[in-house]
Amino acid sequence: MSLPPHCAPVGYKWIFRVKMNADGSIDRFKARLVAKGFHQRPGFDYTETFSPVVKPATIKAVLSIADMRGWELRQMDVNNAFLNGALTEIVFMVQPPGFRDLSKPNHVCRLNKAIYGLKQAPRTWYTALRTAILQMVFHTSKADSSLFIYSNESNLCYLLIYVDDLVITGNNPTLMTTFIQQL
């Protein structure tokens, strides 16, 4: 699409990484298209930012409870987490190499989903994750918005969020597995 008047497109950058195994051999090659979010202007390209980071005191408290009660801890890293967040703002990005429309070289891409690098990407990811967690009948801690608690009869489960990493613990490993599968 053509760039609307008074809009500035966000640039991009390709990030290439070689992931290694513990023995030093190559595991895989990774490529990620990242937006140059530092080009974004508050009030025009985004309205609010937020990054879900659990408080250190909350981590210590939950880990202490899990240790004292002998609970299992499970950690998850969500792949391409930010791509799960739907953008509410209108954001345009210049056409990246390899995806350029040669018949329309001055056109831009309108982003529907957040990508890494956008100022609002962590907020949109947190909103999508929070919605999913609340649908599983967890509730948000009043002391820390990155701690979710499930309590039902004799079952208790804590879910901690640190951007795209999750830690889950509780007194029922089967229930924890169910929640992980649902996520």
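Numbers for residues simply follow the sequence, beginning at 1. Both backbone and side-chain heavy atoms feed into the values below; hydrogens, waters and symmetry mates do not.
When all heavy atoms of A66 and T169 are compared, the pair lying nearest together is CB-OG1, 3.5 Å. Here the closest heavy-atom approach between residue T140 and residue F148 is recorded as OG1-CE2, 3.2 Å. Residues V94 and C109 approach most closely at O-SG, 4.5 Å, considering heavy atoms. What you find for L33 and I115 is that their closest heavy atoms are O-CD1, 4.2 Å. Residue I168 comes nearest to M176 through the heavy atom pair O-CE, 3.7 Å, listed as atom of the first residue, atom of the second, then distance. Minimum interatomic distance between T124 and A86 (heavy atoms only, all atoms of both residues): CG2-O, 3.6 Å.
Although no hydrogens or angles enter the test, the distance criterion places no donor-acceptor pair under 3.5 Å between the side chain of N106 and the main chain of S2. Of the possible donor and acceptor atoms, one in the side chain of N84 sits under 3.5 Å from a partner among the backbone N and O of A81. Under a 3.5 Å cut-off, the side chain of Q95 and the backbone N or O of H107 do form a donor-acceptor pair. No side-chain donor-acceptor contact under 3.5 Å links K55 to the backbone of S146. In this structure a side-chain-to-backbone donor-acceptor pair under 3.5 Å is missing from D77 to D165. With S64 contributing its side chain and K60 its backbone, the two residues share a donor-acceptor pair below 3.5 Å.
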Check against side chain to side chain contact (heavy atoms under 4.5 Å, CB included), L160 and L147 = CA-CA 5 Å; L160 302 167; L147 169 63; 3.5 Å; yes

Would you please test L159 and I149 for side chain to side chain contact (heavy atoms under 4.5 Å, CB included) and show each step?
-> CA-CA 6 Å; L159 179 65; I149 303 164; over 6 Å; no

Taking it one step at a time, do E89 and R123 satisfy salt bridge (Lys or Arg N to Asp or Glu O under 4.0 Å)?
-> CA-CA 12 Å; E89 301 90 356; R123 178 183 50 81; 2.7 Å; yes

Take M20 and D27 through the test side chain to side chain contact (heavy atoms under 4.5 Å, CB included) and record every step on the way to the result.
-> CA-CA 5 Å; M20 308 295 279; D27 178 38; 6.0 Å; no

Would I161 and V167 satisfy side chain to side chain contact (heavy atoms under 4.5 Å, CB included), going step by step from the backbone distance to the final call?
-> CA-CA 7 Å; I161 302 172; V167 174; over 6 Å; no

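A distance of 10.5 Å separates CD in Q181 from CG in L183, rounded to the nearest 0.5 Å. In this structure, L175 CG and N152 CG are separated by 8.5 Å, a value rounded to the nearest 0.5 Å. Note that CD of Q182 is 5.5 Å distant from CE of M136, once rounded to the nearest 0.5 Å.
For the pair R28/V18, no side-chain contact is recorded, criterion being any heavy-atom separation below 4.5 Å from C-beta on.
Between the side chains of T177 and R74, at least one donor N or O lies within less than 3.5 Å of an accepting N or O.
Counting non-hydrogen atoms of other residues, nucleotides and ligands closer than 6.0 Å to OH of Y162 gives a total of 12 or fewer.
For the pair R32 and Y116, the distance from NZ or CZ to the six-membered ring centre is under 6.0 Å and the angle to the ring normal is within 45 degrees.
Taking the centre of each ring, Y158 and Y150 stay at or above the 6.0 Å mark.
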